[in-house]
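Remember, predicted model here, so these are calculated numbers, not experimental data. All heavy atoms count here, side chains included; hydrogens, waters and symmetry mates do not.
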Amino acid sequence: MQQTEKQTTNKKQRKDKKNRRRWLERLVDNWPKAFDLKNPRPLAVGITDTISAELRATGAGGHGAVRYAMKSYTSNIRYIRALAAGGQRYNLRGEPDGEVTQEQRERALQALKTLKEKKAMFLDEVGA
């Protein structure tokens with residue numbers, strides 16, 4: 001029974017990863033001026049609600065799926081680095097819409113530090 005649970009979990013993880021990738025592609029396809037997976041820029045505050053409203057207006061998705069995709073996009077190390085660098089935030093049309101605050105920069109810098117520590121700890125554990 002334990003092996004069945006493990007297989008189900010792995011299958012679910014693969015399905016989740018596929019769905020996350022599909023939603024990220026959808027964001028990039030619908031709003032290419034805002035979303036760039038290789039070179040992300042800080043997004044405007046509240047952009048998740050804006051995306052949800054646009055998708056609801058066309059009947060093309062719910063808020064939960066958008067939040068799921070945005071969590072994946074904004075937790076990427078490239079995005080966190082963009083926040084840590086500071087500067088402008090951008091809306092769905094790629095236009096400046098606010099700035100990254102000092103507090104947001106500091107949180108991003110702390111997140112980068114934490115990621116670096118976790119990576120070092122993992123490398124120590126595997127003996128790399």
Which side-chain N or O atoms in residues 107-123 pair as donor and acceptor under 3.5 Å with protein atoms at least two apart or in another chain?
from	atom 1	to	atom 2	distance (Å)
Arg107	NH1	Glu103	OE2	3.0
Thr114	OG1	Gln110	O	3.0

In chain order, what residues pass the side-chain hydrogen bond (donor to acceptor under 3.5 Å, both in side chains) check against Arg21, with sequence neighbours excluded? none

Which residue pairs pass the side chain to side chain donor-acceptor pair (under 3.5 Å) test with at least one member in residues 64-87, sequence neighbours excluded? Arg20-Tyr68

Which heavy atom of Ala34 sits nearest to which heavy atom of Leu43, and what is that distance? O-CD2, 3.5 Å

What one should report as the nearest heavy-atom pair of Ala44 and Asp97 is CB-OD2, 3.7 Å

Starting from Val45, can I reach Val100 by hopping between I/L/V/M/F/W/Y residues whose side chains sit under 4.5 Å apart? no

Between Gln88 and Gly98, the two heavy atoms sitting closest are OE1-O, 3.3 Å

Tightest non-hydrogen contact, residues Ala82 and Pro42, listed as O-CG, 3.7 Å

Among residues at least two apart in sequence or on other chains, which ones pass side-chain contact (heavy atoms from CB on, under 4.5 Å) with Asp36? Lys38, Asn39

Distance check, rounded to the nearest 0.5 Å: Glu106 atom CD versus Leu83 atom CG? 13.0 Å

Indicate yes or no: at least one non-hydrogen side-chain atom of Arg26 is less than 4.5 angstrom from one of Phe35. no

Sorted by chain and number, sequence neighbours left out, ring pair (Phe, Tyr, Trp, His ring centres under 6.0 Å) with Tyr90 holds for none

Which residues pass the side-chain hydrogen bond (donor to acceptor under 3.5 Å, both in side chains) test with Arg89, sequence neighbours left out? Gln104

Going only through I, L, V, M, F, W and Y residues with side-chain contacts under 4.5 Å, is there a path from Met70 to Val28? yes

Under the salt bridge (charged side-chain N to carboxylate O under 4.0 Å, His left out) rule, collect the residues that match up with Glu95, sequence neighbours excluded. Arg93

